[in-house]
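A short worksheet on the structure shown next.
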Protein chains: 2
Amino acid sequence: MGEREPALVQSVDRAITILKLLARAEMGVTEIAAELGVHKSTASRLVYTLQARGLVEQHGERGRFSIGMGMLQFAGTVAGQLDIVQVGNPVCEELAERLGETVNVALLDATDTINVSQALGTSAVAAQNWIGQRTPSHATASGKVLLAFIPPGELDGLFVGDLASYTARTITDPQKLRDALKEVAEDGYATCFEELEPGLHSIAVPVFGPGQDVIAAISASGPAYRLSKKRIPEVVEELRQGARDLAGRMAYVSR
Amino acid sequence: MGEREPALVQSVDRAITILKLLARAEMGVTEIAAELGVHKSTASRLVYTLQARGLVEQHGERGRFSIGMGMLQFAGTVAGQLDIVQVGNPVCEELAERLGETVNVALLDATDTINVSQALGTSAVAAQNWIGQRTPSHATASGKVLLAFIPPGELDGLFVGDLASYTARTITDPQKLRDALKEVAEDGYATCFEELEPGLHSIAVPVFGPGQDVIAAISASGPAYRLSKKRIPEVVEELRQGARDLAGRMAYVSR
DNA sequence: GCCTCCGTTGCATATAACGGAACAACTTGT
DNA sequence: ACAAGTTGTTCCGTTATATGCAACGGAGGC
């Protein structure tokens, strides 16, 4: 409000909403229609269009719909644009093997943190897929690292009101977050113990670019009982080595 | 024709076309409009809608547009659905390191072959990104492997007329393709020497599932002068080992 | 066997997407 | 330095087009 937002193209906007819904879970036409608040026939046509172009697929003849393989084409393009995705993969793999936990490389996008590379831990019980996930920066280890190292001042506008809460331990007070970030900047690493999901711990360190700037964060995450506070020194050490490795490879790649 | 095709939702169809265009190269609004055959204003609105939802991004304030990081979310979903993407990554990495060439895992989708996992070779000169790429099965090593091992009869409907040609060496005669596939089935590997792109060689082997069925192909590709015919035995041996490794890991994953 | 639920298809209507033109912000040329 | 040529965005009237309705055809369930 105030700012005159140009109108969105309605049907395209709805189609994208459908894609976002299907990214969460596979659904049927009726269910989609209900979620969008439109008639079945409208939803049916939109889905048909998406399907005809390979962006969604239906399982079986009269089955439910899910994201299709045609989507990989776009993912590949993004990955190609971001050298760090390519370069990050082998580094993640090696770290995941050494630590036995899931390792991710993440970038900052406004107030969200996006995971762009991932390798699953060897003891991958209930392994979750984080690739492409947008996570709230104030409730993740990677996010805190990325926020802690951005140029001062850029943080000011963001994080004003109370922050979204996910568990009892989530930092919701902007001032508390600022304090935490200062500490992260001093320590050179961040932790996130059950602040996003109960039972989920993660530890992250920054990846430095050619200058002083931080270009990404690299993190390890795992169940609370395994990735305990006692392991912080060991994990941080491994992550830092991986970060240096990644930084080196990036420097090599970027002409 | 004959078959009554339900009508597509026009604006959604156009939006998807825009995405496919941007997947090839970044473009400006005017250029997009010309390509679509619509007015600038129409293209502008479509792009704005895509941008508002994070599917495209613009470089700089008045810069050109490209696929946005929001796409990664969908990629993650697809990757999560297909266990083989996750599991394939480390196998690719290891093979790429041993062979020094780019290694891919690919799946069959109708007559196309889609690359789902990739690791760049160490000597990655002019490294191309194949992830998510749809390639014609009859002109790739992975594709030939996948076609050679599908249940007999399923092939009949497809590949009837003359096949699309990409170089002078592309197999365009359906009968010749059938002969070649039979040979692939006997040898247990396929090659593709400059049949898709001049100067591009690739070698592929099948990845077997729990039964006799082939669930994927794994391939190495590189410049003709480096990935020569003489290296076939060595490369095939390495690939087969990787394929066994991958099959083993898949068996472990799929409950 | 009937009944319910789901997805698709004509059809008429009204909305919303479109093209035209004018505008504003940059870049290029001379 | 100014003009001429871009490029992308916005306003507005019109008509194409996306939509909702209702009826249809299949699948499964009781």
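Keep in mind that this is a model prediction, so the values were computed, not measured. In what follows, every heavy atom counts, from backbone to side chain, and hydrogens, waters and symmetry copies are set aside. Proteins get letters first, then strands, A, B, ... in listed order; numbering begins at 1 in each.
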Within this structure, what is the [atom1]-to-[atom2] distance between [X] and [N], rounded to whole angstrom?
{"X": "E57(B)", "N": "dG8(D)", "atom1": "CD", "atom2": "P", "answer": "17 Å"}
{"X": "Y48(A)", "N": "dT19(D)", "atom1": "OH", "atom2": "P", "answer": "16 Å"}
{"X": "L46(B)", "N": "dT10(D)", "atom1": "CG", "atom2": "C1'", "answer": "16 Å"}
{"X": "L8(B)", "N": "dT17(D)", "atom1": "CG", "atom2": "P", "answer": "13 Å"}
{"X": "D13(A)", "N": "dT19(D)", "atom1": "CG", "atom2": "P", "answer": "11 Å"}

- Message: Could you check whether T113(A) and S142(A), counting side-chain N and O atoms only, form a donor-acceptor pair closer than 3.5 Å?
- Response: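 Side-chain D/A pair, S142(A) to T113(A): absent.
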Residue pair [X] / [Y], side-chain heavy-atom distance below 4.5 Å:
{"X": "S117(A)", "Y": "V87(A)", "result": "no"}
{"X": "S66(B)", "Y": "L22(B)", "result": "no"}
{"X": "V105(B)", "Y": "V91(B)", "result": "no"}

Inset, instruction - Not counting sequence neighbours, list each pair that qualifies as a side-chain hydrogen bond (donor to acceptor under 3.5 Å, both in side chains) and has a residue in residues 27-36 of chain B. - result: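 Residue pairs with at least one partner in residues 27-36 of chain B: E31(B)-R64(B).
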Sequence neighbours excluded, every pair satisfying side-chain hydrogen bond (donor to acceptor under 3.5 Å, both in side chains) that has a member inside residues 18-27 of chain B =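 Every side-chain hydrogen bond (donor to acceptor under 3.5 Å, both in side chains) pair that includes a residue of residues 18-27 of chain B, provided the two are not neighbours, is E26(B)-H59(B).
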If the helix axis at each end comes from five base pairs, how far does the helix from dC2(C)-dG29(D) to dT30(C)-dA1(D) deviate from straight, to 10°?
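Rounded to the nearest 10 degrees, the bend comes out at 50°.
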Practice task
Quick one: list whatever passes side chain to side chain donor-acceptor pair (under 3.5 Å) with T135(A), sequence neighbours left out.
Solution key: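 Partners of T135(A) under the side chain to side chain donor-acceptor pair (under 3.5 Å) test: none.
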Report the residues that fulfil side-chain contact (heavy atoms from CB on, under 4.5 Å) with [X], sequence neighbours left out, ordered by chain and then residue number.
{"X": "D173(B)", "answer": "Q175(B), K176(B)"}
{"X": "D109(B)", "answer": "M69(A), I114(B), R134(B)"}
{"X": "L50(B)", "answer": "V12(A), I16(A), A15(B), I18(B), L19(B), L55(B), V56(B)"}

Side-chain N,O (S11(A)) to OP1/OP2 (dA18(D)) below 4.0 Å
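No, because none of the side-chain N or O atoms of S11(A) sits under 4.0 Å from OP1 or OP2 of dA18(D).
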Requested in this report: For dA18(D), take OP1 and OP2 only and decide whether either is under 4.0 Å from a side-chain N or O of Q10(B).
Outcome: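 Yes, because at least one side-chain N or O of Q10(B) sits under 4.0 Å from OP1 or OP2 of dA18(D).
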key: salt bridge (charged side-chain N to carboxylate O under 4.0 Å, His left out): pairs with one or both residues in residues 140-150 of chain B, sequence neighbours excluded   =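 Counting only pairs at least two positions apart or across chains, the salt bridge (charged side-chain N to carboxylate O under 4.0 Å, His left out) contacts touching residues 140-150 of chain B are K144(B)-E195(B).
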> Among L108(B), V214(B), L181(B), which one satisfies side chain to side chain contact (heavy atoms under 4.5 Å, CB included) with I150(B)?
Replying inline: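 Among L108(B), V214(B), L181(B), the one meeting side chain to side chain contact (heavy atoms under 4.5 Å, CB included) with I150(B) is L108(B).
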- Query: What residues, two or more places apart in sequence or in another chain, satisfy ring-ring contact (aromatic ring centres under 6.0 Å, His included) together with F149(B)?
  - Reply: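 If we apply the ring-ring contact (aromatic ring centres under 6.0 Å, His included) test to F149(B), skipping adjacent residues, the hits are F208(B).
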Query raised in the report: Near DNA chain D, under 4.0 Å by heavy atom, which residues of residues 49-56 of chain A?
Result: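 Under 4.0 Å from DNA chain D: no residue of residues 49-56 of chain A.
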Quiz item: For DNA chain C, what residues of residues 19-32 of chain B have any heavy atom nearer than 4.0 Å?
Solution: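 Per residue number, the list is empty: none.
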Considering only nitrogen or oxygen atoms on both sides, find all protein atoms under 3.5 Å from nucleotides 20-23 of chain D and state each distance.
{"residue": "dG20(D)", "atom": "OP2", "partner": "H39(A)", "partner atom": "N", "Å": "3.2"}
{"residue": "dG20(D)", "atom": "OP2", "partner": "T42(A)", "partner atom": "OG1", "Å": "2.2"}
{"residue": "dG20(D)", "atom": "N7", "partner": "S41(A)", "partner atom": "OG", "Å": "3.0"}
{"residue": "dG20(D)", "atom": "O6", "partner": "R45(A)", "partner atom": "NH2", "Å": "3.2"}
{"residue": "dC21(D)", "atom": "N4", "partner": "S41(A)", "partner atom": "OG", "Å": "3.4"}

